[in-house]
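Everything below concerns the one structure shown next.
Each ligand, and each atom within it, is numbered from 1 in the order the structure gives. Predicted model only: the values in this text are computed from it and were never measured.
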Amino acid sequence: MVHDVSGPGVLKVFERLREQGIPVDRLKDPSKVWVAEDHFVPSADKISAENIVKLSNFTREYGIEKHFRAGQGIVHVIGPQMGITLPGTTIVCGDSHTSTHGAFGALALGIGTSEVEHVLASQTLWLERPEPFEVVVTGKRGPTITAKDVILSIIRNIGTAGGTGTVIEYRGSGISDMSMEQRMTVCNMSIEAGARAGLIAPDEKTFRYLRGRRYTPEDYEEMVDAWRRDLTTDSGATFAKSYTIHTDEIAPQVSWGTNPAMTCDVTQSVPIPVDRVFIGSCTNARLEDLIDAARAARGRRVAPGVDAMVVPGSQDVKRQAEEMGLDRVFRDAGFEWRESGCSMCLGMNPDILEPGQRCASTSNRNFEGRQGAGGRTHLVSPVMAAAAAVSGHFVDVREMDLN
Ligand SMILES: CC(C)[C@H](C(=O)O)[C@@H](O)C(=O)O
Ligand code: SF4
(Lines give C-alpha, C1' and ligand atoms only; values in the text may rest on other atoms or scores of the structure.)
(Ligands and ions follow the chains in the order given, each with its own letter.)
Protein backbone atom coordinates (compact mmCIF):
# COMPACT_ATOMS: atom_id res chain seq x y z
CA MET A 1 0.00 0.00 0.00
CA VAL A 2 1.26 3.44 -0.89
CA HIS A 3 -0.06 6.74 0.47
CA ASP A 4 0.50 10.40 -0.15
CA VAL A 5 3.12 10.89 2.57
CA SER A 6 5.32 7.81 2.24
CA GLY A 7 4.73 7.27 -1.49
CA PRO A 8 6.47 10.31 -2.96
CA GLY A 9 9.62 9.56 -0.90
CA VAL A 10 9.76 6.14 -2.52
CA LEU A 11 9.45 7.65 -5.96
CA LYS A 12 12.47 9.83 -5.22
CA VAL A 13 14.49 6.66 -4.58
CA PHE A 14 13.30 5.27 -7.89
CA GLU A 15 14.53 8.40 -9.65
CA ARG A 16 17.92 8.10 -7.96
CA LEU A 17 18.28 4.47 -8.97
CA ARG A 18 17.50 5.35 -12.54
CA GLU A 19 20.13 8.08 -12.51
CA GLN A 20 22.61 5.41 -11.45
CA GLY A 21 21.60 3.31 -14.44
CA ILE A 22 19.70 0.75 -12.32
CA PRO A 23 16.59 -0.13 -14.28
CA VAL A 24 13.42 0.32 -12.27
CA ASP A 25 11.24 0.70 -15.28
CA ARG A 26 8.64 -1.71 -14.00
CA LEU A 27 7.28 -2.98 -10.73
CA LYS A 28 7.51 -6.65 -9.91
CA ASP A 29 3.72 -6.91 -9.85
CA PRO A 30 1.62 -3.73 -10.21
CA SER A 31 -1.54 -5.71 -9.47
CA LYS A 32 -0.30 -6.13 -5.91
CA VAL A 33 0.17 -2.40 -5.36
CA TRP A 34 -2.52 0.12 -4.53
CA VAL A 35 -2.52 3.78 -3.66
CA ALA A 36 -4.54 6.09 -1.42
CA GLU A 37 -4.49 9.86 -0.93
CA ASP A 38 -5.42 10.40 2.67
CA HIS A 39 -2.98 12.25 4.92
CA PHE A 40 -2.91 15.65 3.25
CA VAL A 41 -6.65 15.78 2.81
CA PRO A 42 -8.01 18.42 2.42
CA SER A 43 -5.11 18.99 0.09
CA ALA A 44 -4.83 22.70 0.35
CA ASP A 45 -1.11 23.37 0.43
CA LYS A 46 1.60 23.12 -2.16
CA ILE A 47 3.43 20.01 -0.95
CA SER A 48 0.26 17.99 -0.76
CA ALA A 49 -0.83 18.98 -4.24
CA GLU A 50 2.64 18.11 -5.53
CA ASN A 51 2.53 14.74 -3.79
CA ILE A 52 -0.80 13.93 -5.31
CA VAL A 53 0.48 14.78 -8.80
CA LYS A 54 3.48 12.49 -8.13
CA LEU A 55 1.21 9.63 -7.09
CA SER A 56 -0.90 10.09 -10.21
CA ASN A 57 2.19 9.95 -12.43
CA PHE A 58 3.31 6.86 -10.53
CA THR A 59 0.08 4.91 -10.99
CA ARG A 60 -0.11 5.90 -14.67
CA GLU A 61 3.52 5.08 -15.46
CA TYR A 62 3.59 1.74 -13.66
CA GLY A 63 0.15 0.52 -14.58
CA ILE A 64 -1.34 0.47 -11.07
CA GLU A 65 -5.10 0.17 -11.29
CA LYS A 66 -6.23 0.73 -7.74
CA HIS A 67 -5.80 4.42 -6.98
CA PHE A 68 -8.17 5.88 -4.40
CA ARG A 69 -8.37 9.64 -4.65
CA ALA A 70 -8.49 12.38 -2.04
CA GLY A 71 -11.77 12.13 -0.17
CA GLN A 72 -12.17 8.39 -0.74
CA GLY A 73 -10.75 7.61 2.64
CA ILE A 74 -7.89 6.40 4.80
CA VAL A 75 -5.70 3.61 3.47
CA HIS A 76 -6.39 1.38 6.50
CA VAL A 77 -10.15 1.83 6.22
CA ILE A 78 -10.29 1.35 2.45
CA GLY A 79 -8.22 -1.88 2.27
CA PRO A 80 -10.51 -4.12 4.33
CA GLN A 81 -13.65 -2.50 3.06
CA MET A 82 -12.72 -3.16 -0.55
CA GLY A 83 -11.74 -6.77 0.14
CA ILE A 84 -8.09 -6.04 -0.72
CA THR A 85 -6.91 -7.06 2.76
CA LEU A 86 -6.99 -10.85 2.99
CA PRO A 87 -6.09 -13.42 5.66
CA GLY A 88 -2.69 -15.05 5.38
CA THR A 89 -1.25 -12.31 3.18
CA THR A 90 1.74 -10.14 3.98
CA ILE A 91 0.84 -6.47 3.70
CA VAL A 92 3.31 -3.62 3.95
CA CYS A 93 3.07 0.15 3.75
CA GLY A 94 5.25 3.10 4.69
CA ASP A 95 2.84 3.69 7.55
CA SER A 96 2.94 2.46 11.12
CA HIS A 97 -0.77 1.79 11.42
CA THR A 98 -0.60 -0.88 8.76
CA SER A 99 -1.00 -3.14 11.79
CA THR A 100 -4.75 -2.49 11.45
CA HIS A 101 -4.98 -5.11 8.70
CA GLY A 102 -3.76 -7.78 11.12
CA ALA A 103 -7.37 -7.98 12.31
CA PHE A 104 -7.92 -10.21 9.26
CA GLY A 105 -5.10 -12.59 10.04
CA ALA A 106 -2.69 -10.84 7.68
CA LEU A 107 0.89 -10.15 8.67
CA ALA A 108 0.67 -6.39 8.22
CA LEU A 109 3.74 -4.29 8.86
CA GLY A 110 4.68 -0.64 8.70
CA ILE A 111 8.03 -0.33 6.90
CA GLY A 112 10.52 2.37 5.92
CA THR A 113 10.79 4.17 2.62
CA SER A 114 13.71 2.19 1.21
CA GLU A 115 11.96 -1.03 2.18
CA VAL A 116 8.86 0.08 0.29
CA GLU A 117 10.99 0.68 -2.77
CA HIS A 118 12.52 -2.79 -2.38
CA VAL A 119 9.08 -4.37 -2.16
CA LEU A 120 7.80 -2.51 -5.21
CA ALA A 121 10.75 -3.72 -7.25
CA SER A 122 10.95 -7.27 -5.92
CA GLN A 123 7.77 -8.19 -3.96
CA THR A 124 10.11 -9.37 -1.22
CA LEU A 125 11.41 -8.00 2.04
CA TRP A 126 14.23 -9.02 4.37
CA LEU A 127 13.03 -9.08 7.98
CA GLU A 128 14.36 -10.02 11.37
CA ARG A 129 11.99 -12.64 12.69
CA PRO A 130 9.88 -11.06 15.46
CA GLU A 131 9.03 -12.94 18.65
CA PRO A 132 5.40 -14.02 19.18
CA PHE A 133 3.58 -12.23 22.01
CA GLU A 134 0.12 -13.45 23.03
CA VAL A 135 -2.34 -11.00 24.51
CA VAL A 136 -5.31 -12.90 25.87
CA VAL A 137 -8.51 -10.90 26.23
CA THR A 138 -11.11 -12.54 28.45
CA GLY A 139 -14.39 -11.60 30.10
CA LYS A 140 -17.39 -9.68 28.95
CA ARG A 141 -17.20 -5.99 28.21
CA GLY A 142 -19.84 -3.70 29.64
CA PRO A 143 -22.19 -2.12 27.07
CA THR A 144 -20.25 1.15 26.84
CA ILE A 145 -16.77 -0.37 27.04
CA THR A 146 -15.36 -0.37 23.55
CA ALA A 147 -12.45 -1.98 21.73
CA LYS A 148 -10.65 1.34 22.17
CA ASP A 149 -10.89 1.05 25.95
CA VAL A 150 -9.53 -2.50 25.72
CA ILE A 151 -6.48 -1.56 23.67
CA LEU A 152 -5.78 1.60 25.70
CA SER A 153 -5.90 -0.55 28.86
CA ILE A 154 -3.53 -3.09 27.32
CA ILE A 155 -1.04 -0.39 26.34
CA ARG A 156 -1.37 1.30 29.71
CA ASN A 157 -0.47 -2.01 31.36
CA ILE A 158 2.27 -3.35 29.10
CA GLY A 159 3.71 0.07 28.24
CA THR A 160 4.66 1.68 24.94
CA ALA A 161 7.71 -0.59 24.71
CA GLY A 162 5.86 -3.70 25.94
CA GLY A 163 5.64 -5.18 22.48
CA THR A 164 9.11 -4.27 21.21
CA GLY A 165 10.51 -6.88 18.82
CA THR A 166 7.28 -8.86 18.80
CA VAL A 167 4.17 -9.50 16.79
CA ILE A 168 1.18 -9.55 19.11
CA GLU A 169 -1.45 -12.21 18.60
CA TYR A 170 -4.71 -11.16 20.27
CA ARG A 171 -6.85 -14.09 21.30
CA GLY A 172 -9.45 -15.21 23.80
CA SER A 173 -13.21 -14.84 24.12
CA GLY A 174 -12.93 -11.05 24.44
CA ILE A 175 -11.51 -10.98 20.92
CA SER A 176 -13.79 -13.54 19.30
CA ASP A 177 -16.73 -11.54 20.75
CA MET A 178 -15.59 -8.46 18.87
CA SER A 179 -16.82 -7.44 15.44
CA MET A 180 -14.25 -7.03 12.64
CA GLU A 181 -14.35 -3.26 13.06
CA GLN A 182 -13.60 -3.56 16.76
CA ARG A 183 -10.75 -5.97 16.04
CA MET A 184 -9.31 -3.41 13.65
CA THR A 185 -9.31 -0.80 16.42
CA VAL A 186 -7.32 -3.19 18.60
CA CYS A 187 -4.79 -4.21 15.94
CA ASN A 188 -4.43 -0.60 14.78
CA MET A 189 -2.86 0.43 18.09
CA SER A 190 -0.45 -2.55 18.35
CA ILE A 191 2.24 -0.22 17.10
CA GLU A 192 1.60 2.11 20.06
CA ALA A 193 2.63 -0.79 22.29
CA GLY A 194 5.89 -0.96 20.35
CA ALA A 195 5.03 -4.16 18.47
CA ARG A 196 6.01 -4.75 14.85
CA ALA A 197 2.46 -5.87 14.13
CA GLY A 198 -0.66 -7.26 15.74
CA LEU A 199 -2.89 -9.99 14.42
CA ILE A 200 -5.93 -12.09 15.08
CA ALA A 201 -6.58 -15.57 13.68
CA PRO A 202 -9.40 -15.28 11.12
CA ASP A 203 -12.76 -16.86 11.93
CA GLU A 204 -16.24 -17.02 10.42
CA LYS A 205 -16.77 -13.31 11.17
CA THR A 206 -13.67 -12.51 9.16
CA PHE A 207 -14.76 -14.64 6.21
CA ARG A 208 -18.25 -13.17 6.27
CA TYR A 209 -16.92 -9.61 6.39
CA LEU A 210 -14.80 -10.04 3.26
CA ARG A 211 -17.32 -12.00 1.19
CA GLY A 212 -18.65 -10.15 -1.86
CA ARG A 213 -16.60 -6.97 -1.51
CA ARG A 214 -15.37 -5.10 -4.56
CA TYR A 215 -11.97 -6.82 -4.83
CA THR A 216 -12.74 -10.09 -3.05
CA PRO A 217 -11.08 -12.79 -5.22
CA GLU A 218 -13.22 -14.98 -7.44
CA ASP A 219 -11.98 -18.18 -5.85
CA TYR A 220 -12.80 -16.80 -2.41
CA GLU A 221 -14.64 -19.87 -1.08
CA GLU A 222 -11.67 -22.11 -1.84
CA MET A 223 -9.43 -19.67 -0.07
CA VAL A 224 -11.76 -19.69 2.93
CA ASP A 225 -11.53 -23.49 3.10
CA ALA A 226 -7.75 -23.26 3.25
CA TRP A 227 -7.79 -20.44 5.82
CA ARG A 228 -10.20 -22.36 8.04
CA ARG A 229 -7.75 -25.22 8.01
CA ASP A 230 -4.44 -23.37 8.25
CA LEU A 231 -4.88 -20.00 9.89
CA THR A 232 -5.72 -21.02 13.42
CA THR A 233 -3.59 -20.73 16.51
CA ASP A 234 -1.71 -24.02 16.80
CA SER A 235 -2.73 -25.96 19.85
CA GLY A 236 0.24 -25.94 22.17
CA ALA A 237 1.71 -22.87 20.45
CA THR A 238 4.36 -21.25 22.59
CA PHE A 239 4.83 -17.53 22.92
CA ALA A 240 7.86 -15.56 23.97
CA LYS A 241 5.59 -13.33 26.07
CA SER A 242 2.07 -13.50 27.39
CA TYR A 243 -0.29 -10.99 28.95
CA THR A 244 -3.93 -11.47 29.98
CA ILE A 245 -6.52 -8.76 30.43
CA HIS A 246 -10.00 -9.21 31.93
CA THR A 247 -12.39 -6.90 30.17
CA ASP A 248 -15.09 -6.95 32.85
CA GLU A 249 -12.71 -4.86 34.95
CA ILE A 250 -12.19 -2.17 32.34
CA ALA A 251 -13.63 1.35 32.71
CA PRO A 252 -13.84 3.94 29.93
CA GLN A 253 -10.30 5.19 29.29
CA VAL A 254 -8.95 8.72 28.80
CA SER A 255 -5.31 9.43 27.99
CA TRP A 256 -3.88 12.28 30.03
CA GLY A 257 -0.27 12.51 28.85
CA THR A 258 1.86 12.48 25.75
CA ASN A 259 2.00 8.81 24.92
CA PRO A 260 -0.83 6.30 24.75
CA ALA A 261 0.29 4.47 27.92
CA MET A 262 -0.32 7.66 29.89
CA THR A 263 -3.96 6.76 30.24
CA CYS A 264 -6.33 6.41 33.17
CA ASP A 265 -9.90 5.41 33.99
CA VAL A 266 -12.45 8.15 33.56
CA THR A 267 -13.18 7.73 37.29
CA GLN A 268 -9.65 8.82 38.18
CA SER A 269 -8.55 12.44 37.95
CA VAL A 270 -9.56 13.55 34.52
CA PRO A 271 -9.89 17.27 34.77
CA ILE A 272 -10.57 19.61 32.14
CA PRO A 273 -13.00 21.04 29.80
CA VAL A 274 -12.36 20.18 26.16
CA ASP A 275 -12.19 22.73 23.36
CA ARG A 276 -12.29 20.42 20.38
CA VAL A 277 -13.63 16.96 19.62
CA PHE A 278 -12.34 14.85 16.75
CA ILE A 279 -14.21 11.69 15.83
CA GLY A 280 -12.14 10.19 13.04
CA SER A 281 -8.94 8.33 12.05
CA CYS A 282 -8.06 4.77 11.03
CA THR A 283 -8.53 3.73 14.67
CA ASN A 284 -12.13 4.77 15.14
CA ALA A 285 -13.95 6.17 12.10
CA ARG A 286 -15.76 3.14 10.78
CA LEU A 287 -19.52 2.76 10.67
CA GLU A 288 -19.85 1.08 14.08
CA ASP A 289 -17.74 3.84 15.63
CA LEU A 290 -20.07 6.48 14.25
CA ILE A 291 -23.11 4.52 15.42
CA ASP A 292 -21.54 4.38 18.89
CA ALA A 293 -20.76 8.09 18.94
CA ALA A 294 -24.28 8.93 17.76
CA ARG A 295 -25.67 7.28 20.89
CA ALA A 296 -24.30 10.16 22.93
CA ALA A 297 -24.98 12.86 20.33
CA ARG A 298 -28.58 12.08 19.41
CA GLY A 299 -31.02 14.65 20.72
CA ARG A 300 -28.29 16.67 22.44
CA ARG A 301 -26.27 19.77 21.53
CA VAL A 302 -22.51 20.28 21.40
CA ALA A 303 -21.65 22.31 24.50
CA PRO A 304 -21.06 26.04 24.05
CA GLY A 305 -17.44 26.80 23.22
CA VAL A 306 -16.72 23.29 21.93
CA ASP A 307 -15.87 22.72 18.30
CA ALA A 308 -16.67 19.12 17.28
CA MET A 309 -16.24 17.26 14.02
CA VAL A 310 -16.91 13.85 12.59
CA VAL A 311 -14.65 12.65 9.79
CA PRO A 312 -15.82 9.28 8.42
CA GLY A 313 -12.91 6.94 7.65
CA SER A 314 -13.91 6.50 4.03
CA GLN A 315 -16.42 7.65 1.48
CA ASP A 316 -18.21 4.31 1.86
CA VAL A 317 -18.49 4.75 5.62
CA LYS A 318 -19.80 8.26 5.01
CA ARG A 319 -22.42 7.06 2.54
CA GLN A 320 -23.56 4.22 4.79
CA ALA A 321 -23.78 6.56 7.77
CA GLU A 322 -25.81 9.01 5.70
CA GLU A 323 -28.18 6.23 4.65
CA MET A 324 -28.77 5.60 8.35
CA GLY A 325 -29.34 9.30 9.01
CA LEU A 326 -26.30 9.62 11.25
CA ASP A 327 -25.14 12.76 9.47
CA ARG A 328 -28.39 14.43 10.57
CA VAL A 329 -27.92 13.25 14.14
CA PHE A 330 -24.47 14.81 14.27
CA ARG A 331 -25.36 17.96 12.33
CA ASP A 332 -28.48 18.57 14.41
CA ALA A 333 -26.31 18.29 17.50
CA GLY A 334 -23.88 20.88 16.10
CA PHE A 335 -21.05 18.60 14.94
CA GLU A 336 -19.39 19.28 11.60
CA TRP A 337 -19.82 16.40 9.14
CA ARG A 338 -16.68 16.22 7.01
CA GLU A 339 -15.17 14.51 3.98
CA SER A 340 -12.98 11.45 4.58
CA GLY A 341 -9.26 11.47 5.21
CA CYS A 342 -6.74 11.54 8.06
CA SER A 343 -7.84 15.09 8.94
CA MET A 344 -7.09 16.18 12.51
CA CYS A 345 -5.39 12.90 13.42
CA LEU A 346 -1.95 14.24 12.65
CA GLY A 347 -1.71 17.94 11.87
CA MET A 348 -0.42 17.51 8.30
CA ASN A 349 -3.35 19.31 6.73
CA PRO A 350 -5.35 22.40 7.64
CA ASP A 351 -7.31 20.58 10.39
CA ILE A 352 -5.23 21.41 13.44
CA LEU A 353 -5.62 22.47 17.06
CA GLU A 354 -4.73 25.96 18.11
CA PRO A 355 -2.03 26.32 20.78
CA GLY A 356 -3.47 25.60 24.21
CA GLN A 357 -6.54 23.76 22.94
CA ARG A 358 -7.47 20.37 24.36
CA CYS A 359 -9.02 17.79 22.12
CA ALA A 360 -11.00 14.64 22.87
CA SER A 361 -9.84 12.50 19.98
CA THR A 362 -10.69 9.01 18.79
CA SER A 363 -7.29 8.70 17.08
CA ASN A 364 -4.30 6.68 18.26
CA ARG A 365 -1.49 9.09 19.14
CA ASN A 366 -1.32 11.81 21.75
CA PHE A 367 2.31 12.81 21.13
CA GLU A 368 3.23 16.40 21.83
CA GLY A 369 1.90 18.63 19.06
CA ARG A 370 0.46 15.67 17.17
CA GLN A 371 -2.73 17.53 16.31
CA GLY A 372 -1.06 20.93 15.99
CA ALA A 373 1.70 22.75 17.87
CA GLY A 374 0.77 23.56 21.44
CA GLY A 375 -2.42 21.47 21.36
CA ARG A 376 -3.17 18.61 23.77
CA THR A 377 -4.72 15.33 22.72
CA HIS A 378 -6.82 13.06 24.94
CA LEU A 379 -7.40 9.65 23.40
CA VAL A 380 -10.85 8.19 23.97
CA SER A 381 -13.46 5.95 22.34
CA PRO A 382 -16.04 7.40 19.93
CA VAL A 383 -18.85 7.35 22.50
CA MET A 384 -16.60 9.04 25.08
CA ALA A 385 -15.63 11.70 22.52
CA ALA A 386 -19.24 12.44 21.61
CA ALA A 387 -20.18 12.53 25.30
CA ALA A 388 -17.37 15.02 25.95
CA ALA A 389 -18.61 17.15 23.05
CA VAL A 390 -22.13 17.46 24.42
CA SER A 391 -21.00 17.87 28.03
CA GLY A 392 -18.07 20.22 27.43
CA HIS A 393 -15.81 17.97 29.53
CA PHE A 394 -15.04 14.27 29.99
CA VAL A 395 -17.85 12.24 31.50
CA ASP A 396 -18.29 8.62 32.44
CA VAL A 397 -20.51 7.28 29.63
CA ARG A 398 -21.63 4.47 31.90
CA GLU A 399 -23.64 7.06 33.80
CA MET A 400 -25.10 8.74 30.79
CA ASP A 401 -28.50 8.13 29.27
CA LEU A 402 -27.47 6.83 25.87
CA ASN A 403 -29.80 6.59 22.90
C1 LIG B 1 2.60 9.82 7.78
C2 LIG B 1 2.79 8.40 8.19
C3 LIG B 1 4.13 7.95 7.73
C4 LIG B 1 2.51 8.19 9.67
C5 LIG B 1 2.74 6.77 10.18
O6 LIG B 1 3.68 6.09 9.83
O7 LIG B 1 1.98 6.29 10.97
C8 LIG B 1 1.07 8.60 9.99
O9 LIG B 1 0.12 7.82 9.35
C10 LIG B 1 0.86 8.58 11.47
O11 LIG B 1 -0.17 8.08 11.91
O12 LIG B 1 1.70 9.10 12.19
S1 SF4 C 1 -5.68 8.36 10.34
FE2 SF4 C 1 -3.96 9.00 11.58
S3 SF4 C 1 -2.99 7.16 12.31
FE4 SF4 C 1 -4.31 6.62 10.61
S5 SF4 C 1 -2.97 6.62 8.82
FE6 SF4 C 1 -3.94 8.65 8.98
S7 SF4 C 1 -2.50 9.86 10.17
FE8 SF4 C 1 -1.90 7.72 10.46
> Strictly under 4.0 Å, does any heavy atom of D95 approach an atom of ligand 2?
Replying inline: yes

Quick one: does M344 get a heavy atom under 4.0 Å from ligand 2?
->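 No, M344 has no heavy atoms under 4.0 Å from ligand 2.
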
Heavy atoms from other residues, nucleotides or ligands near CD of Q268 exceed 12 (cutoff 6.0 Å):
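Yes, CD of Q268 has more than 12 neighbouring heavy atoms, counting only those of other groups under 6.0 Å.
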
If you compare H76, H39, R370, E192 by their heavy atoms, the one closest to atom 11 (O) of ligand 1 turns out to be R370

Protein heavy atom at shortest distance from [atom]:
atom: atom 5 (S) of ligand 2; value: H39 NE2, 3.5 Å
atom: atom 3 (C) of ligand 1; value: G94 O, 3.6 Å
atom: atom 1 (S) of ligand 2; value: C282 N, 3.4 Å
atom: atom 6 (Fe) of ligand 2; value: C342 SG, 2.3 Å
atom: atom 2 (C) of ligand 1; value: D95 OD2, 3.4 Å
atom: atom 2 (Fe) of ligand 2; value: C345 SG, 2.3 Å
atom: atom 6 (O) of ligand 1; value: S96 N, 2.9 Å

Open item on the list: Between ligand 1 and H3, is the shortest N or O to N or O distance under 3.5 Å?
Closed with: no

- Just distances here: any N/O of N364 and N/O of ligand 1 closer than 3.5 Å?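 Among all N and O atoms of N364, none is under 3.5 Å from an N or O of ligand 1.
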
key: Side-chain ion pair, D351 and R338, N-O less than 4.0 Å   =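 Answer for the salt bridge query: yes.
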
(message) Whether D203 and R183 form a salt bridge (side-chain N of Lys/Arg under 4.0 Å from carboxylate O of Asp/Glu) is what I want to check.
(response)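 Result for this pair is yes, salt bridge flagged.
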
Between atom [atom1] of [X] and atom [atom2] of [Y], what is the distance when rounded to the nearest 0.5 Å?
X: D327; Y: E322; atom1: CG; atom2: CD; answer: 4.5 Å
X: Q320; Y: L287; atom1: CD; atom2: CG; answer: 5.5 Å
X: R228; Y: D225; atom1: CZ; atom2: CG; answer: 6.0 Å

Of the side chain and backbone of [X], name the one, both, or neither that has a heavy atom under 4.0 Å from an atom of ligand 2.
X: R370; value: side chain
X: V75; value: neither
X: H76; value: side chain
X: N364; value: side chain

Next on the checklist: Just checking Y220 against W227, ring centres under 6.0 Å apart?
Outcome noted: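 For Y220 and W227, the ring centres are under 6.0 Å apart.
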
request  = Identify which one of K148, R365, R370 satisfies the salt bridge (charged side-chain N to carboxylate O under 4.0 Å, His left out) criterion when paired with E192.
outcome  =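 Per the salt bridge (charged side-chain N to carboxylate O under 4.0 Å, His left out) rule, the option paired with E192 is R365, out of K148, R365, R370.
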
- Message: Students often mix this up, so state it plainly: with edges at 30° and 60°, are the rings of H101 and H76 parallel, tilted or perpendicular?
- Response: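 Rings of H101 and H76: perpendicular, as their planes differ by over 60°.
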
Inset, instruction - Cation-pi check, R213 to Y209: give yes when NZ or CZ is under 6.0 Å from the six-membered ring centre and within 45° of the ring axis, no otherwise. - result: yes

